[in-house]
Amino acid sequence: MASSSAAAAPLLTPKPDPDAPLPAPTVEVTPELCAALRRELERSPDDLPDFVHGLRLAQERLDAISAYLVSARPPMPPLTATPTATTPMPPPAATPPMPPPAATKRPLVAPEASSSAAAKGKRRARGTGATEMVRATVPAGPDHVHARNLVRRARLIFEALRVVYHRGDAGAGEGARKRADLSALSVMFDRGLGLYRDVRIVGSIPGVFVGDVFFYRAELCVVGLHNHVQGGIGYIPASVVSKGKPVATSIVSSGGYLDDHDGGGDVLVYTGSGGRPRNGGEHFADQKLEGGNLSLVYSCEYGIEVRVVRSHDCEASPSGKAYVYDGLYKVESSTYGPGKSGPDVCKFKLVRIPGQGELGSSVWHAAGELGNALASGIRPRGYLSLDLSKGKERLRVPVCNKVDQDSSPLDFEYIAHPDFRAARVPRPVKRYKACHCGTTCGAARSAAAACKCVCVRKNGGGPVYNADGTLVRGRPVVYECGALCGCPAASCLNRATQRGMEHQLEVFRSKETEWGVRTLGLIQPGAFVCEYSGDVVTVDDGQSTDWGCFVDPRKFPARWREWGDASAVLPDEEGHKFPEPITGPGYVLDVSRRRNFAAYISHSSAPNVFVQFVIRGNEDESFPHLMVFAMDTIPPMRELSIDYGIDQQG
DNA sequence: GAGTCATCAAAACG
DNA sequence: CCGTTTTGATGACT
């Protein structure tokens with residue numbers, strides 16, 4: 001304090017200035033730290049405690065590595081001298097008036113208050129209260145893959161729980177009329193399975209991509225995209241933000257307000273909440289500048305980005321609605337005045353931040369039109385063929401190239417299914433026990449009354465497929481009913497892959513992956529997509545193949561484990577009593593001359609489809625079908641990707 | 001901290 | 001099959 005040398009070195013005097021901005025509570029991100037955390041995460045395989053543990057660790061890591069407090073956020077000029085210019089919303093005489101020209105004074109919190117906030121960030125939140133407002137940078141590389149897996153598993157567990165609760169209330173009259181989606185959400189939160197729950201993320205959610213589709217509002221809550229099951233505006237309350245003002249994090253646009261204007265594009269006019277009767281209807285009172293409405297005003301002022309989710313009607317969705325994540329928007333302006341039905345409303349103009357992935361909602365619509373055009377035989381520009389398979393698949397497979405002149409997919413011979421006849425030795429008909437079910441095998445009456453079909457039972461545990469044909473869970477191998485079975489092929493549930501493809505797909509030229517396969521419609525998780533085809537080549541155990549000419553079933557990693565495993569929250573429904581895994585398939589597919597479109601599916605270590613081995617009836621177990629199933633909800637126009645197991649270059 | 005309240009859901013009802 | 005009612009959970013706030 002009695003430093004007399006101050007005159008000589010003014011720059012070095014660290015005079016504590018109470019008004020100075022706080023130093024950012026940064027954490028140095030070293031490669032060692034990342035590696036250590038990753039090791040920690042990978043050490044835990046699939047069972048419950050480890051999964052929970054993994055989630056917790058991921059959240060902690062999120063805190064430590066890639067998040068920083070908004071209070072210390074440098075890039076945006078926090079409060080400029082002209083705040084009113086961008087926010088022409090006249091302060092209503094009522095409650096909290098518009099932020100007055102606060103620019104004159106930086107409303108930063110006192111040092112000690114914020115250092116305690118930083119300390120709070122270190123400690124894990126206990127209960128629900130202690131949350132911290134953070135922005136997460138989208139992780140790269142393995143972290144990115146890991147985040148995606150977390151999101152997938154959370155959604156998977158949610159859906160599994162929802163189905164269980166749904167079935168539960170349909171059966172017994174006990175807890176009738178329960179909202180299965182909300183029950184599932186509640187259970188997940190209780191178990192600590194909700195993602196990013198104790199950090200309030202502003203901006204992108206790790207592991208959630210633009211264009212991702214959700215079926216329930218509760219599902220948005222589970223992955224941390226939005227935090228209300230009904231409310232349209234998600235925000236961080238003033239008490240948690242160091243500036244003492246609420247800020248919005250996400251909105252859901254359902255087009256339910258008269259004053260909304262949403263062309264599904266880059267600009268969106270969103271109406272605030274309040275002043276309306278419970279279930280829609282016209283406004284009867286002025287909206288107030290509070291809660292979510294106020295938070296959007298501050299988001300506008302601070303230039304904080306807001307996640308936008310749009311709601312669409314969707315037949316394929318169990319709820320009839322689909323919620324599409326459309327990326328980050330900025331609140332450009334806000335107005336307050338009489339709405340179309342009379343009383344005053346808040347209106348917010350949101351503009352999409354450029355440079356994000358293709359817009360989910362607009363692509364959604366475009367894909368529908370494209371599908372219709374193709375279905376009616378119109379050949380849009382850039383399409384080399386309307387049906388690569390020339391009628392051999394159940395649906396047409398168009399080929400699209402808007403990138404260059406390459407037309408190589410048209411050159412090979414198309415076979416929809418591999419021809420195993422020459423190679424494999426079916427088990428003798430006499431010794432094979434076929435089923436003689438009169439009707440549908442694998443119909444899931446309830447958990448108690450399992451199906452008695454011998455084919456279904458061979459799979460160990462409940463039915464393999466749901467009533468809609470989606471795979472209940474991945475297995476080392478699936479035994480379907482076959483040619484010798486007595487069940488009607490048309491209605492038997494245990495033949496889901498035998499009816500051919502059910503989703504409109506196309507082969508397309510892409511700048512990143514050369515040729516790829518993408519879907520034109522929505523694909524439900526667990527849905528059957530297609531089969532790999534080519535010339536069957538028998539191989540011995542150790543024999544290796546070059547990737548490129550062959551599809552090698554032995555190389556596919558056991559991604560099936562990741563699909564349908566809800567043992568983390570559900571009493572294991574006879575799971576783990578899988579039949580003995582078949583000894584590695586004894587063949588590879590030579591796709592150099594003959595193949596089907598599946599050969600164009602790209603490789604990824606964060607795939608959205610996976611291979612499930614399938615044996616039908618008395619087929620030779622060394623020659624399973626390579627069936628492709630969806631492991632995510634795949635939105636329209638998204639490329640399919642699969643893990644071919646070619647990453648381990650050593 | 002328990003209780004109140006509002007909320008661009010979803011299912012059931014009529 | 002619609003509009004309406006009921007059920008329902010959450011976070012924010014008191």
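In this text the structure is predicted, and so the values were computed from the model without any measurement.
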In this structure, how many angstroms lie between the C1' atom of C:dC1 and the CG atom of A:Asp313, rounded?
15 Å
Please work out if A:Thr271 contacts a base, only the sugar-phosphate, or nothing of the nucleic acid, heavy-atom cut-off 4.0 Å.
base
Considering only residues two or more places apart or on different chains, which pairs with a residue in residues 213-226 of chain A satisfy side-chain hydrogen bond (donor to acceptor under 3.5 Å, both in side chains)?
A:Arg155-A:Glu219, A:Arg162-A:Tyr216, A:Arg217-A:His226, A:His226-A:Ser250
Roughly, in whole Å, what's the span from CD1 in A:Ile233 to P in B:dA9?
12 Å
Indicate whether OP1 or OP2 belonging to B:dA11 is found under 4.0 Å from a side-chain N or O atom of A:Tyr216.
yes
Can you tell me whether the side chain of A:Arg179 and the base of C:dA9 have a donor-acceptor pair closer than 3.5 Å?
no
Among all residues two or more places apart in sequence or in another chain, which pass the side-chain hydrogen bond (donor to acceptor under 3.5 Å, both in side chains) test with A:Asp266?
none
For A:Asp262, salt bridge (Lys or Arg N to Asp or Glu O under 4.0 Å) partners two or more places apart
A:Arg310
Closest to the A:Tyr270 side chain: B:dC8, C:dT10, B:dA10?
B:dC8
Residue-phosphate contact under 4.0 Å: A:Ser254 side-chain N/O, B:dA9 OP1/OP2
yes
For residues A:Tyr465 and A:Leu493, report the shortest heavy-atom separation together with the two atoms involved.
CD1-O, 3.2 Å
To the nearest angstrom, how far is A:Phe215 atom CZ from B:dA10 atom P?
12 Å
For A:Asn293 and B:dA6, what is the distance between atoms CG and P respectively, to the nearest whole Å?
15 Å
For A:Arg217 and C:dG11, is the shortest distance between a side-chain N/O and OP1 or OP2 below 4.0 Å?
no
Check: protein-nucleotides 12-14 of chain C nitrogen or oxygen pairs below 3.5 Å:
from	atom 1	to	atom 2	distance (Å)
C:dA12	OP1	A:Tyr235	O	2.9
C:dA12	O3'	A:Tyr235	OH	3.4

Assert: residue with more 5' nearest nucleotide on DNA chain B, out of A:Ser273 and A:Gly320, is A:Ser273
With distance as the sole test, does A:Tyr302 use its side chain to make a donor-acceptor pair with the main-chain N or O of A:Val297 at under 3.5 Å?
no
Which residues pass the side-chain hydrogen bond (donor to acceptor under 3.5 Å, both in side chains) test with A:Tyr270, sequence neighbours left out?
none
Could you go through residues 357-369 of chain A and list every donor-acceptor pair under 3.5 Å that involves a side-chain atom there, pairing it with any protein atom two or more places apart or in another chain?
from	atom 1	to	atom 2	distance (Å)
A:Ser361	OG	A:His312	NE2	2.9
A:Ser361	OG	A:Asp326	OD1	3.3
A:Ser361	OG	A:Asp326	OD2	2.6

B:dA11 P sits how many Å from A:His166 NE2, rounded?
7 Å
Mind checking which stems touch DNA chain B? I mean at least 3 consecutive Watson-Crick or G-U pairs, both distances under 3.5 Å.
B:2-7 with C:9-14, B:9-14 with C:2-7
For B:dA11, take OP1 and OP2 only and decide whether either is under 4.0 Å from a side-chain N or O of A:Tyr165.
no
Can you tell me the distance, in whole Å, between the CE atom of A:Met188 and the P atom of C:dT10?
12 Å
Listed partners of A:Ser319 passing side-chain hydrogen bond (donor to acceptor under 3.5 Å, both in side chains), at least two apart:
A:Ser317
Who are the side-chain hydrogen bond (donor to acceptor under 3.5 Å, both in side chains) partners of A:Thr519, not counting sequence neighbours?
none
Provide, to the nearest angstrom, the distance between the CG atom belonging to A:Asp190 and the P atom belonging to C:dG11.
11 Å
Could you tell me how far apart A:Leu294 (CG) and B:dA6 (P) are, to the nearest whole angstrom?
18 Å
Between A:Lys349 and A:Glu332 (salt bridge meaning N to carboxylate O under 4.0 Å), is one present in this structure?
yes
